[in-house]
Amino acid sequence: MLKPDLKQAKTRTKNPVLIYNDVYKLLDEDKKIGLNKKYYLKTYGCQMNVRDSETIKAILEDMNFLETDNYLEADLLILNTCAVRENVHNKVFGMIGRFKHLKETRKDIIVGLMGCMAQEEVVVDKILNKYKWLNFVLGTHNLHQLPEVIRSQQKLNINAPSIEGDIYENLPVKRTNPFTAFVNIIYGCDKFCTYCIVPFTRGKERSRQKEDILKEINKLIKAGYQEVTLLGQNVNAYGKDLNDQYYLNNLLEDIAKTKIPRIRFLTSHPWDFTDEMIEVIKNNSNIMPYFHLPVQSGSSRILKLMGRRYTKEEYLTLFNKIKKAIPNSSITTDIIVGFPNETEEDFQETIDLVKECQFDGAYTFLYSPREGTPAAKLKDNVLLEVKEKRLHRLNLIVNEHAKKSNDKMLGKIVPVLIENYSDKNKGQFIGYTDTYKSVNVIGDEKQLGKIVDVEITDVKSWSLTGKTV
Ligand code: 5AD
Ligand code: SF4
């Protein structure tokens with residue numbers, strides 16, 4: 001049994017990154033395991049998890065399992081989890097409780113926990129105490145071992161080592177969408193913001209080799225993809241661990257040369273954002289003018305406690321530099337409300353910064369202490385009631401700005417990549433502008449997968465409606 005160990009994750013080694021190319025192997029018997037069986041997979045959290053789930057699905061389908069979205073009829077049930085805030089933990093344990101009922105009548109079902117929660121000691125201890133009936137816990141560093149843990153399904157198999165450093169190339173993937181794809185460029189995070197569990201659950205920064213990234217993108221282009229989103233917890237740190245002076249700006253430039261119509265990247269850390277990156281984005285029309293640039297707080301005092309490595313003024317300087325270089329860009333952010341010791345004055349500074357930046361959108365969160373992080377040692381001393389009131393005040397302003405930004409689009413004709421059918425409105429489609437605004441499009445099925453001109457006819461805070469012209 002390999003359990004995670006937060007302390008071990010904290011003592012980082014500077015080992016060179018090992019790249020394993022062909023670690024994923026299926027035995028003939030694995031291909032029989034899923035025959036006439038169904039799997040249910042629920043994904044929580046960020047795009048990294050969504051991308052991991054695309055690999056989990058491909059592995060399961062290689063094993064001949066069929067997907068179902070009804071867990072009651074599944075033979076294999078997997079939760080791909082997120083550890084960033086406590087609320088997902090509650091949801092996940094709620095789901096596990098339901099699966100337990102199912103297992104009482106159907107002993108043969110296999111239940112597994114994957115993703116970031118699998119990398120948390122507290123979670124694994126809880127499972128060892130209360131949920132020993134689970135079949136497996138598989139961590140974020142060893143997705144390729146999924147066939148192995150399913151094969152050895154009789155008893156609880158915990159396989160979530162905290163030792164990372166490896167990049168597994170050539171794992172299979174079942175892409176969610178045929179036109180836009182997630183491409184990992186860097187795994188892990190070395191920033192250790194004091195509130196954040198990610199450096200522990202995802203390990204140290206490990207950049208993929210540029211050749212592997214470009215090979216993947218060229219394959220996607222051949223398959224007709226119109227857009228790639230480069231993924232990393234901190235994409236701006238790309239290449240810093242590789243010692244060959246090749247960074248995000250160089251990678252973006254090389255990807256731009258492939259002529260893929262749209263390139264995006266997520267998430268940007270202000271501290272690692274260089275002028276060279278802004279230049280490359282400005283000079284290449286296929287790099288989209290959209291930035292997700294989390295600020296977290298508008299108070300330099302709180303930013304310091306958070307270990308964010310920039311002051312409010314430095315954030316504003318970067319923000320204005322981007323806006324000046326790329327005036328049509330849209331910028332969204334993340335904000336945490338109620339970090340330990342946040343006073344009304346600190347919070348007011350966040351409101352002032354939000355008013356100054358007029359973000360196109362913001363994801364706002366109540367601070368949630370994560371065991372094992374430095375901030376969890378601070379007293380969580382902002383009352384929940386105060387946190388909630390602040391969040392509400394902040395959201396009113398955020399929504400007002402998002403609406404204002406969308407209002408400017410009314411009546412305009414803008415290029416939109418039509419990605420999918422709309423879930424909500426029959427006969428409509430869902431697409432995205434270059435600035436990553438979602439548009440409900442009244443159009444034509446033939447336009448799926450194409451970038452078409454859309455006239456914006458209605459706007460809300462978080463979405464637009466339009467018709468193709
Ligand atoms: N509490 C609340 N929000 C958090 N985030 C990360 N850790 C925490 C936490 N402990 C938020 C940050 C980050 C986003 C992905 O989640 O805003 O940018
Ligand atoms: Fe967490 Fe900070 Fe890394 Fe983002 S940059 S993943 S908030 S530690």
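For ligands, and for the atoms within them, numbers begin at 1 and follow the listed sequence.
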Check whether any N, O or S atom of Cys189 sits under 2.8 Å from atom 3 (Fe) of ligand 2.
-> yes
Tell me, which protein residue and heavy-atom name are nearest atom 2 (Fe) of ligand 2, and how many Å apart are they?
-> Cys193 SG, 2.3 Å
State whether a side-chain donor-acceptor pair under 3.5 Å links Ser207 with Asp241.
-> yes
State, without any angle test, whether Thr343 and Asp346 hold a side-chain donor-acceptor pair at a distance under 3.5 Å.
-> yes
Do you see a donor-acceptor pair shorter than 3.5 Å between the side chains of Gln145 and Asn159?
-> yes
Judged by modelled atom types alone, do Thr55 and Lys174 share a side-chain donor-acceptor pair under 3.5 Å?
-> no
Of the protein's non-hydrogen atoms, which lies at the shortest distance from atom 14 (C) of ligand 1, and what is that distance?
-> Asp334 OD2, 3.5 Å
Output the list of atoms in ligand 2 that are nearer than 4.0 Å to some heavy atom of Phe192, sorted by atom number.
-> 8 (S)
Nearest non-hydrogen protein atom to atom 6 (S) of ligand 2, with distance, is Gln233 CG, 3.3 Å
Validate the cation-pi geometry between Lys42 and Tyr44: distance from NZ or CZ to the six-membered ring centre under 6.0 Å, angle to the ring axis within 45°.
-> yes
Selected option - heavy-atom contact closest to atom 7 (S) of ligand 2, from Tyr195, Phe200, Trp271 = Tyr195
With a distance cut-off below 6.0 Å to the six-membered ring centre and an angular limit of 45° from the axis, does Arg85 pair with Phe365 as a cation-pi contact?
-> yes
Numbered atoms and elements of ligand 2 in range of Pro199, under 4.0 angstrom, heavy atoms | 8 (S)
Parallel, tilted or perpendicular: rings of Tyr310 and Tyr315 (30°, 60°) | tilted
Heavy atom under 4.0 Å from ligand 1: found in Val84's side chain, backbone, both, or neither?
-> both
Within a radius of less than 6.0 Å around CG of Asp69, do more than 12 heavy atoms belonging to other residues, nucleotides or ligands occur?
-> no
Please could you name the atoms of ligand 1 that Leu366 approaches to less than 4.0 Å, counting only its heavy atoms?
-> 1 (N), 2 (C)
Closest approach of any protein heavy atom to atom 10 (N) of ligand 1, naming residue and atom | Ser368 O, 2.7 Å
Is the charged tip of Lys437 near the ring of Tyr432: under 6.0 Å from the six-membered ring centre and within 45° of its axis?
-> no
Close approach, Ile197 and ligand 1, non-hydrogen under 4.0 angstrom = no
Element-labelled atoms of ligand 1 that are located less than 4.0 Å from some non-hydrogen atom of Gln296 = 12 (C), 13 (C), 17 (O), 18 (O)
Using a strict cut-off of 4.0 Å, indicate which atoms of ligand 2 neighbour a heavy atom of Val198.
-> 6 (S)
Have a look at ligand 1 and work out which part of Thr373, if any, has a heavy atom under 4.0 Å from it: side chain, backbone, both or neither.
-> neither
Taking only heavy atoms of His269, which atoms of ligand 2 are found under 4.0 Å from at least one of them?
-> 5 (S)
Going by atom types alone, do Tyr238 and Asn250 pair a side-chain donor with an acceptor below 3.5 Å?
-> no
Record the part of Pro294 in heavy-atom contact with ligand 2 below 4.0 Å; permitted values are side chain, backbone, both and neither.
-> neither
May I ask you to identify, for Phe365, whether its side chain, its backbone, both or neither come under 4.0 Å of ligand 1 on a heavy-atom basis?
-> side chain
Which protein heavy atom lies closest to atom 7 (N) of ligand 1, and at what distance to 0.1 Å?
-> Tyr195 CD1, 3.3 Å
Arg85, any N or O under 3.5 Å of ligand 1 N or O = yes
Thr433 versus Thr435, side-chain donor and acceptor atoms under 3.5 Å | yes
protein heavy-atom neighbour closest to atom 1 (Fe) of ligand 2 works out as Cys196 SG, 2.3 Å
Does one side chain, of Glu227 or Thr180, offer a donor that lies under 3.5 Å from an acceptor on the other?
-> yes
Salt-bridged, Lys191 to Asp272, with N to O below 4.0 Å?
-> yes
Compute the shortest N/O to N/O distance between Arg370 and ligand 1 and return yes if it is under 3.5 Å, no if not.
-> no
Within-shell test, Arg308 vs ligand 2, heavy atom, strictly < 4.0 Å = yes
